[in-house]
Amino acid sequence: MSNTKELQDLTTQVRRDILRMVHKVNSGHPGGSLGCAEFLVALYNEIMDRKDGFEMDGINEDLFFLSNGHISPVFYSVLAHAGYFPVEELSTFRLLNSRLQGHPTTHEGLPGVRIASGSLGQGMSVGIGAAQAKKLNGDDKLVYTLHGDGELQEGQNWEAIMYASAKKVDNLIATVDLNGQQIDGSTDTVLPMGSLRAKFEAFGWDVIDIEEGNNIDAILNGMAEAKSKTGKGKPVCVLLKTVMGHGVDFMMYTHAWHGKAPNDEQLENALAQNPETLGDY
Amino acid sequence: MKTYTYTEKKDTRSGFGAGLAELGRTNPNVVALCADLIGSLKMDEFIKENPERFFQIGIAEANMMSIAAGLTIGGKIPFTGTFANFSTGRVYDQIRQSIAYSGKNVKICASHAGLTLGEDGATHQILEDIGLMKMLPGMTVINPCDYNQTKAATIAIAEHDGPVYLRFGRPSVPIFTPADQKFEIGKAINLTEGSDVTIVATGHLVWEALEASKVLHEKGISAEVIDMHTIKPLDAKAILDSVAKTGCVVTAEEHNIFGGLGESVARVLATNKPTPQEFVGTQDTFGESGTPAQLMDKYGLNSAAIVKACETVIKRK
């Protein structure tokens, strides 16, 4: 898939999936999911070098780890559309006996998921471990991770950030979803983190900014630049500026929809803003 | 009565180091991680022979546990090393989500467990780790009794697919199990045959149980000593077969009586054959500074305490 229009159409369909999934069970996290839709669609369909099928060890293919596991709706939708499991299975999200748990896990054997996440702050360390295993295996493929900006308040991240540069883990691209929102409000009101660029650079990382994190072309260009920085002795951080709730006007620019599902009327309104492209599940 | 003697004392952590070194030579997938305690964990030999397969994480145990989980995704078998306190309680969430819930093949190797860490005191001792680890679904929990058994256990867990908690200690303790033993996870070892009381012991308390059995023998009491090196999965058959002969049991462990081996044995007995039981362990307390021998004495974790518990439980039959 190299056509921006195709990626955009898939993104719109992923948005519809997210909204319908969380609406059906009246739970889940639509805000961050909607904000990361373009990124994950581009990552799985254009940026990552993936093999067909699913193998847990992911040898000789790029790997992705979702650290902020609460945005599982977008992750599941993108995985399903990438062919890991039937798209229809999205209808079981958060239901009893489903493989699509509230937060992703390997426990139920869902193809595409290599580790559980949800309790925040562990994903970068996991990505480092997988990246170091790749080096031991003589595997030159890359490891990608995604983190919430609020998630960086967890101290384990800074252990990992310090370690990755010290140990020259240069086959790792860690992406931070900079939407400026977390459950209790904006990151600036909850716990201001200052300049993440300055912090990552101080810890010895290369940093790429993607100012328009909801623009497919901007993501493709930025990630190409990030990829060109790998293999040069430093881990790479991508600061992806997104809008929480992107694509649904009443969910945008607020933390209110971080973990709240739309009601029937709100769903209808939101879906009308994202007309069907590839077909609903 | 079968008796055990020893000619040498050695620390169980050195058994871990020797086992890890052997794995370094025999299993190319084994990798080791350490949080700034190489010497304490006796990892030097593995590192010298396999520098590319060693990861010095620094003082960052949470990062270490999650990196270990990540390494399994590339097919590696990570052995993490730090003190038992920092191997469990400090990183419970990382172990729970990234290792246990994710079913990752990580071996959590924990030294300086229990009171016998000694002079460092309660901040570095841990008496709750068996409980914390055994409560995690899918986690195997092993607490070997001497140098040889720790070495054998270290080698055996590399062949087991799934998360393992391997617990060992700091001080030198008698070596009394054979050097060529085959370590079978979940299979208890009957060290002595007896008819009056069963002593189920784990870790450093196994030798104390053997010493207690000698004292009991002189008093005309026949004790059966079981080395319960694996606490989870627990060898229920070994316990039930023994109490069918003896009719009472004493459990002995260097751990809080809440959450340890004793409670696991009590569950097996309560659900199969209710049997009088006494618990040798710490009585819901933290430790303190002191020599290992002083602490074992003060907190009742020695052969004398086991003898006393046996005499008590026999009266309750």
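Here is how names work: the chains are called A, B, and so on, in the same order as the sequence lines, proteins then strands, and each is numbered from 1.
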Any ion pair linking [Y] and [X] (charged N to carboxylate O, less than 4.0 Å)?
X: B:E45; Y: B:R25; value: yes
X: A:E61; Y: A:R114; value: yes
X: A:D49; Y: A:K141; value: yes
X: B:D129; Y: B:R167; value: yes

Heavy atoms only, distances under 4.5 angstrom: which of B:E61, B:K104, B:R53 has the most pairs with chain A? Name it, please. B:K104

When only pairs under 4.5 Å are counted, which of B:I99, B:I59, B:T72, B:I57 shares the most heavy-atom pairs with chain A? B:I57

For A:S67 and A:E151, does a side-chain donor sit closer than 3.5 Å to a side-chain acceptor? yes

For A:S27 and A:R94, does a side-chain donor sit closer than 3.5 Å to a side-chain acceptor? yes

Top residue by heavy-atom pair count (under 4.5 Å) with chain B, among [options]?
options: A:Q122, A:K134, A:Q156; value: A:Q122
options: A:E55, A:M56, A:M124; value: A:M56
options: A:M162, A:H107, A:H103; value: A:H107
options: A:G123, A:S117, A:G155, A:G121; value: A:S117
options: A:A130, A:S119, A:A133; value: A:S119

Could you check whether any side-chain N or O of B:E263 sits under 3.5 Å from a backbone N or O of B:G259, counting only pairs where one atom can act as donor and the other as acceptor? yes

Exam field: side chain B:R170 to backbone B:H112, donor-acceptor pair closer than 3.5 Å: no

Test side chain to side chain contact (heavy atoms under 4.5 Å, CB included) applied to A:V126 and B:N63, B:L71, B:I73, the passing residue: B:I73

What residue among B:L136, B:I95, B:T140, B:T88 forms side chain to side chain contact (heavy atoms under 4.5 Å, CB included) with B:Y165? B:T88

Heavy-atom distance under 4.5 Å to chain A: side chain of B:Q56, backbone, both or neither? both

Does any heavy atom of chain B fall under 4.5 Å from the side chain of [X], the backbone, both, or neither of them?
X: A:E154; result: neither
X: A:I115; result: both
X: A:K167; result: side chain

Take A:T105 and A:V113, measure what side-chain contact (heavy atoms from CB on, under 4.5 Å) needs, and give me the verdict at the end. CA-CA 6 Å; A:T105 178; A:V113 180; 5.7 Å; no

Taking 4.5 Å as the heavy-atom cut-off, does anything in residues 69-81 of chain A contact chain B, and if so which residues? none

